[in-house]
*Asks:* 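Below: one structure in structure tokens.
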There are 2 protein chains.
Amino acid sequence: MTIDRRSALKARHRRAILDAAGALIAEGGRFSVDQLAERADVSRRTVFNHFASIDDVVTTVCTEMLHVVIDGFRTTVTSGERESMFTDVAGALRVTDVPGIVAYLWRALGGFAPGNPQAAQIFHATVARTCEEMALELARKYPEADPLDAAILVSSLMNGTVAVATHWIAVTATQLDERSRELWHSLLERMIETVRKGY
Amino acid sequence: MTIDRRSALKARHRRAILDAAGALIAEGGRFSVDQLAERADVSRRTVFNHFASIDDVVTTVCTEMLHVVIDGFRTTVTSGERESMFTDVAGALRVTDVPGIVAYLWRALGGFAPGNPQAAQIFHATVARTCEEMALELARKYPEADPLDAAILVSSLMNGTVAVATHWIAVTATQLDERSRELWHSLLERMIETVRKGY
DNA sequence: TGCACGTAGTGCAACGATGCACTTAGTGTA
DNA sequence: TACACTAAGTGCATCGTTGCACTACGTGCA
């Protein structure tokens with residue numbers, strides 16, 4: 001087989017951009033495209049060749065981080081005995097530090113754009129997708145269960161997250177609080193609907 | 001100032017190719033362009049975009065290694081008091097492990113192409129240039145001295161090299177012995193002539 | 001001798017990365 | 001309000017990288 005080095009170059013740069021964004025986000029400061037490009041050792045234009053916008057970059061980074069959570073959850077759920085949804089979720093909590101990862105993500109994002117609604121939206125959208133995937137995983141294993149139960153269980157799995165998020169909101173971006181509540185409500189509704197349709 | 005990322009990309013790939021070649025040479029095996037390209041994580045074609053030939057790559061790697069020797073020698077000679085060429089050469093031997101570096105280079109090159117006259121030629125040509133630069137450095141500091149003395153001193157500085165080279169030749173590539181002797185003779189003549197002309 | 005095969009090296013067209021000039025939009029300031 | 005300034009994002013020409021097909025040459029083998 002032949003390795004496609006043309007794709008390899010693209011992939012390398014894409015990775016470099018994401019890694020740089022992850023580092024910059026973790027450092028807690030806002031950052032510009034120029035900073036991102038410099039950190040990734042690519043040109044500013046290349047960033048826009050790979051991603052539609054800065055938010056696209058950040059969303060991708062967050063999604064990647066939460067995929068760790070999803071993968072861990074999926075492994076726990078699929079490898080465990082069929083007992084009850086509760087034991088699966090409890091097991092996932094023991095194996096993966098879900099609230100820890102998501103809290104880290106949230107704090108980092110808070111630093112990324114304090115007072116910027118974009119940060120909260122990116123966070124909630126990413127976490128929402130993560131929750132949906134986890135709820136779907138549960139529903140696959142327990143098809144006879146009520147989708148509402150799965151959604152609520154996953155929601156409580158993410159509880160630590162919400163607490164941290166709310167805390168951050170209270171401390172640094174009070175004006176987001178109301179919007180945050182709305183987003184979490186709509187998230188729960190979307191989860192139930194998603195599980196019901198089973199994609 | 002603006003960083004030229006176009007050049008940066010080129011430089012990065014050039015470095016990757018040289019590093020890969022250095023590693024492959026050090027590992028002691030022969031290697032093809034394909035191996036080199038794969039190791040450097042660039043396409044085969046890019047190797048030829050940067051270097052005219054495989055020998056060009058190897059020569060560059062060797063030259064870079066010997067620049068360590070040259071730089072160390074130059075520092076010792078220029079920073080030391082003007083006393084005698086002999087003390088300078090002795091000082092350089094104390095500071096830099098000249099025979100060690102060159103012997104390593106030779107063993108590595110021997111592995112690169114056992115039975116291949118190219119290896120010996122690359123080695124001798126590279127070392128010859130190194131010797132010339134060192135002899136020139138000596139002649140600059142002691143312009144009244146006989147170029148022959150400078151050449152012979154540098155030659156003796158490289159003595160460990162010759163010994164190792166001769167040993168390797170005897171063991172693994174006897175057929176190169178005669179050619180090696182010729183090369184070293186012509187090297188000495190060229191050194192003297194070079195110093196005499198002072199470039 | 002003829003032939004398959006591996007490897008060095010080249011020519012070329014397509015694709016990816018880059019520099020630069022440009023528009024757009026938000027923000028602070030006189 | 002007007003204006004300077006900063007940063008996001010776009011269009012385009014150019015340069016660097018890559019895949020692929022090709023030639024040339026040495027080597028082993030029937």
*Asks:* Between atom CZ in Arg5(B) and atom P in dT17(D), what is the gap in whole Å?
*Replies:*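 Those two atoms, CZ and P, are 14 Å apart.
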*Asks:* Between dT18(D) and Ser43(B), is there an OP1 or OP2 to side-chain N/O distance shorter than 4.0 Å?
*Replies:*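 Result: yes.
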*Asks:* Quick check on dG16(C): is either OP1 or OP2 less than 4.0 Å from any side-chain nitrogen or oxygen of His50(A)?
*Replies:*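 So the side chain of His50(A) is outside the cut-off, no N or O lying under 4.0 Å from OP1 or OP2 of dG16(C).
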*Asks:* Any side-chain heavy-atom pair from Val77(A) and Arg140(A) closer than 4.5 angstrom?
*Replies:*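 The answer is no; the side chains never approach within 4.5 Å.
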*Asks:* Would you call Arg14(A) and Glu64(A) a salt bridge, taking side-chain N to carboxylate O under 4.0 Å as the test?
*Replies:*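 So Arg14(A) does not pair with Glu64(A) through a salt bridge.
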*Asks:* Quick one: Asp34(A) CG to dT6(D) C1', roughly how many Å, whole number?
*Replies:*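 Distance, rounded to whole Å: 10 Å.
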*Asks:* What's the CZ-C1' distance between Arg15(B) and dT17(D), to the nearest Å?
*Replies:*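 Taking CZ of Arg15(B) and C1' of dT17(D), I get 19 Å after rounding.
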*Asks:* Write down the distance between CG (Asp41(B)) and C1' (dT18(D)), rounded to a whole number of angstrom.
*Replies:*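 My rounded result for the distance is 13 Å.
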*Asks:* Grab the CZ-P distance between Phe51(B) and dA8(C) for me, whole Å please.
*Replies:*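 It is 15 Å, rounded to the nearest whole Å.
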*Asks:* Would you say the side-chain atoms of Thr63(A) and Thr60(A) include a donor-acceptor pair closer than 3.5 Å?
*Replies:*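 No - no donor-acceptor pair under 3.5 Å links their side chains.
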*Asks:* Go nucleotide by nucleotide along DNA chain D from the 5' end; which of Arg44(A) and His13(B) gets its closest nucleotide reached first?
*Replies:*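 Of the two residues, Arg44(A) wins.
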*Asks:* Whole angstrom is fine here: how far is it from CG in Leu36(A) over to C1' in dG9(D)?
*Replies:*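 For the pair Leu36(A) CG and dG9(D) C1', the rounded distance is 14 Å.
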*Asks:* A side-chain contact here means heavy atoms from C-beta on lying under 4.5 Å apart; do Ile25(B) and Phe31(B) qualify?
*Replies:*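 Heavy-atom side-chain distance check passes, below 4.5 Å.
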*Asks:* Let me know the distance between CZ of Phe48(A) and P of dT18(C), rounded to the nearest Å.
*Replies:*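 Going from CZ in Phe48(A) over to P in dT18(C) covers 14 Å.
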*Asks:* Want to settle it: does Ser32(A) or Arg45(B) sit nearer the 5' end of DNA chain D, counting the closest nucleotide to each?
*Replies:*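 Result: Ser32(A).
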*Asks:* Which one, dA8(C), dT18(D), dG9(D), comes nearest to the side chain of Val33(B)?
*Replies:*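 Within the option list, the nearest is dA8(C).
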*Asks:* For the pair made of CD1 in Ile17(A) and P in dT18(C), what is the distance, rounded to whole Å?
*Replies:*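 Taking atom P of dT18(C) as the reference, CD1 of Ile17(A) is at 9 Å.
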